[in-house]
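Here is the structure we will look at, set down as structure tokens.
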Amino acid sequence: MALLTLRSALADAEKGGYAVGAFNVSSLDQAIAVLEAAEAESSPVIVQAIAGMSAYDDESRWWSRLRALVSEFDGVPAVLHLDHGRTYDDCLRAIDHGFTSVMIDASRAADTDEPASFEDNVALTRRVVEAATRSGVSVEGELGTIGGAEAGIAGELEEIVFADPDQAVEFVEQTRVDALAVAVGTSHGSVKFTDAAGGGRLRLGLISEIKERLPDTFLVLHGSSSVPAEAVAVINANGGAVRPSYGISPEQKSEGIAAGIRKINQGTDSHLAWSAALRAFLHDNPAVVEPGEQLRPAMGGFRAMVTQRMREFGSSGRA
Ligand code: 13P
């Protein structure tokens, strides 16, 4: 099956009232786990990669192979998406490698990581939209800043700039993005809230406010991992040292979908599932050195987590 653009996958999600999971991958094994989950669930899927973040030194070779792999899964309606492109060049390289969707994250200046001015964000995003449109590729932009350890953005629990509904309208009018990541208090990485009440600080009401004013723009939730305590416990019981914390609950994600979220980004939960399964396996099988035997449980953990999320997001059975 030909790869889908983000616009066409999310248009179907809009009609069906569900969200499509966008799962971060940094190796071919992880991509296979995501695509196998989508195939088994008959679910559409967004496979996403971040520039500069993979198991390989040669990004061009990695992206070419990823593109070929996604195309091989014939029956899976899949989008290949660049997550958090920081520069015009990141987005152009992804388009040249056959990605069908790119995110330009111009909400922060690429050189200083400081929140960018609205005008600078608009200018860079519009440039990317113009180039992507010529290639039939969709574009996601970001308004407000999502905290945590984004691509190349160090630190945790940093100040979040919430999306402003008036600015969202202006941003979309001026850039013509297909999809918009709205900052509502989520953050990237395995430490989101250090107290159980942290999730209460999300401003999910912003989603419906923005959706009402931008009915034709697809809204995206970043930093959505739930950080399952069981996975963290397994990692730490087997030699790991992941700081226990609190994530976004499945109920909050459902609330977001009901309010108009159509794409949900998830990296951390799958990574925790991979690490937990791999560490437990190596602990229980200390004599096993065959990489295929080690990878099998890791891929299984990754696949199971993605499968669970597809069911929660309502995309299972929608292929
Ligand atoms: P998590 O770290 O919460 O999985 O978020 C990932 C993400 O939003 C990537 O863009």
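One-based numbering, in listed order, for ligands and for the atoms of each.
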For the residue pair Thr5 and Val137, establish whether any side-chain heavy-atom pair is separated by less than 4.5 Å.
no

Kindly confirm or rule out an N or O of Asp269 lying under 3.5 angstrom from an N or O of ligand 1.
no

Regarding ligand 1, does His84 bring an N or O atom to under 3.5 Å of one of the ligand's N or O atoms?
yes

Which pairs would a plain distance check flag for residues 40-51, meaning a side-chain donor or acceptor within less than 3.5 Å of a matching protein atom at least two apart in sequence or in another chain?
residue : atom : partner : partner atom : Å
Glu41   : OE1  : Arg311  : NE           : 3.1
Glu41   : OE1  : Ser316  : OG           : 2.6
Glu41   : OE2  : Arg311  : NE           : 3.3
Glu41   : OE2  : Arg311  : NH2          : 2.7
Ser43   : OG   : Ser315  : O            : 3.4
Ser43   : OG   : Ser315  : OG           : 2.7
Gln48   : NE2  : Ala22   : O            : 3.3
Gln48   : NE2  : Asn24   : OD1          : 3.1

Atom 10 (O) of ligand 1 has as its nearest protein heavy atom Asp83 OD2, 2.7 Å

As an exercise, identify every atom of ligand 1 less than 4.0 angstrom from a heavy atom of Gln266.
4 (O)

Students should be able to answer this: which protein heavy-atom is nearest to atom 8 (O) of ligand 1, and at what distance?
Gly223 N, 2.7 Å

Is ligand 1 under 4.0 Å from a heavy atom in the side chain of Asn24, in the backbone, in both, or in neither?
side chain

Who's the nearest protein heavy-atom neighbour of atom 2 (O) of ligand 1, and how far?
Thr268 OG1, 2.6 Å

If you scan protein heavy atoms around atom 7 (C) of ligand 1, the nearest is His188 CD2, 3.1 Å

Residue pairs involving residues 195-207 (criterion side-chain hydrogen bond (donor to acceptor under 3.5 Å, both in side chains); sequence neighbours excluded):
Asp195-Arg201

Give yes or no for whether the N/O distance cutoff of 3.5 Å, strictly under, is met between Ser224 and ligand 1.
yes

In the protein, what heavy atom is nearest to atom 3 (O) of ligand 1, and what distance, to one decimal place, separates them?
Lys192 NZ, 2.5 Å

Any His84 side-chain heavy atom under 4.5 Å of Glu142 side chain
yes

Contact check, side chains of Ile264 and Ile257, non-hydrogen atoms, under 4.5 Å
yes

Could you check if a side-chain atom of Glu140 sits within less than 4.5 angstrom of a side-chain atom of Phe218, using non-hydrogen atoms only?
no

